[in-house]
Amino acid sequence: MGLGIIVFYIFNKSTRQSIHDIAVKTYVVKEHRERGMNLIPKVAKVPFYITGGIFLLVLCGSIYNYNSNSDLTELVSVYEKIQDQDHISNANVSINYSLFDNNENRRRTYIVRISINEIPTDTSINNPELQKTAKTFIDSNVYKSDNDILSIIVVSGYDIGIASKYQSFNFYKPISEWKKDFNK
């Protein structure tokens with residue numbers, strides 16, 4: 001939207017209309033009331049074409065990326081299982097790739113962020129929500145190697161406007177070490 005406003009500002013100098021002016025059919029006029037009204041020039045079509053082209057490029061790129069990235073589509077089922085756990089109000093699952101490794105040895109970092117309803121009393125590796133989330137992820141077998149990293153972030157808290165309190169903790173280690181913790 002912001003890019004569209006800039007395009008309209010640059011390419012629509014004759015009427016000096018931006019997107020909000022065109023949407024509500026208003027015009028920018030620099031005339032005094034005593035003078036007669038001039039015919040207002042037509043809106044140039046170039047900004048519409050440029051904005052539409054940019055929108056189509058972004059849309060096509062998004063569709064292509066969604067369909068071609070099988071790693072992300074595999075994580076959807078893991079996300080749904082984690083999201084359905086008790087005491088979890090929100091969950092996110094994502095992948096980061098190391099830029100320094102070649103494709104054969106590329107190490108992935110899986111990041112699972114969960115928001116829990118209550119502030120936990122146990123912020124150690126033995127936290128039940130953390131344990132259940134790690135076990136769910138490992139049992140899904142979506143990771144490529146035991147050397148990949150699993151990072152689990154547990155967030156809890158509240159914000160009622162006049163007061164807020166948030167707490168988070170993170171455990172980050174290779175999947176092989178998570179498996180050792182679960183005696184797999």
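Below, all heavy atoms of this structure are taken into account, side chains as well, without hydrogens, waters or symmetry copies.
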* Indicate yes or no: does Lys179 engage Asp146 in a salt bridge with an N to O separation below 4.0 Å. =>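 Yes.
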
* **Ring geometry between Phe137 and Tyr143 (parallel below 30°, tilted from 30 to 60°, perpendicular above 60°)** =>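 Tyr143 vs Phe137 ring planes: parallel.
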
* Do Ile153 and Ile111 pass the side-chain contact (heavy atoms from CB on, under 4.5 Å) test, and can you show the C-alpha distance, the side-chain angles, and the key distance before you say yes or no? -> CA-CA 8 Å; Ile153 304 165; Ile111 301 169; 4.0 Å; yes

If only side-chain N and O atoms count, and only distance matters, is there a donor-acceptor pair under 3.5 Å linking [Y] with [X]?
X: Asn170; Y: Ser151; result: yes
X: Thr136; Y: Gln85; result: yes
X: Arg107; Y: Thr109; result: no

With rounding to the nearest 0.5 angstrom, report the [atom1] to [atom2] distance, [X] to [Y].
X: Ile175; Y: Asn141; atom1: CD1; atom2: CG; result: 9.5 Å
X: Ile114; Y: Asn90; atom1: CD1; atom2: CG; result: 10.5 Å
X: Ile82; Y: Arg113; atom1: CD1; atom2: CZ; result: 13.0 Å
X: Ile95; Y: Asp148; atom1: CD1; atom2: CG; result: 9.0 Å
X: Ile160; Y: Lys165; atom1: CD1; atom2: NZ; result: 12.5 Å
X: His87; Y: Lys132; atom1: NE2; atom2: NZ; result: 8.0 Å

* Can you check side-chain contact (heavy atoms from CB on, under 4.5 Å) on Lys173 and Ile125, steps first, answer last? -> CA-CA 11 Å; Lys173 54 186 175 178; Ile125 193 79; 3.9 Å; yes

Which heavy atom of [X] sits nearest to which heavy atom of [Y], and what is that distance?
X: Tyr79; Y: Ala91; value: CE1-O, 2.9 Å
X: Asn147; Y: Pro174; value: O-CB, 4.3 Å
X: Tyr110; Y: Val142; value: OH-O, 3.7 Å

Answer yes or no: is there a donor N or O on one side and an acceptor on the other, between the side chain of [X] and the main chain of [Y], under 3.5 Å?
X: Glu129; Y: Ile116; result: no
X: Trp178; Y: Leu150; result: yes
X: Asn127; Y: Asp122; result: yes
X: Ser89; Y: Ser115; result: yes
X: Asp84; Y: Lys81; result: no

Are [X] and [Y] in one and the same hydrophobic cluster, where Ile, Leu, Val, Met, Phe, Trp and Tyr link if side-chain heavy atoms are under 4.5 Å apart?
X: Val93; Y: Ile149; result: no
X: Val112; Y: Val155; result: no
X: Val154; Y: Ile88; result: yes

* Are Tyr166 and Asp159 close enough, and set up right, to give a side-chain contact (heavy atoms from CB on, under 4.5 Å), and what steps lead you there? -> CA-CA 8 Å; Tyr166 287 99; Asp159 184 357; 3.4 Å; yes

* Asked: Would you say Gln167 has more than 12 foreign heavy atoms packed within less than 6.0 Å of its CD?
  -> yes

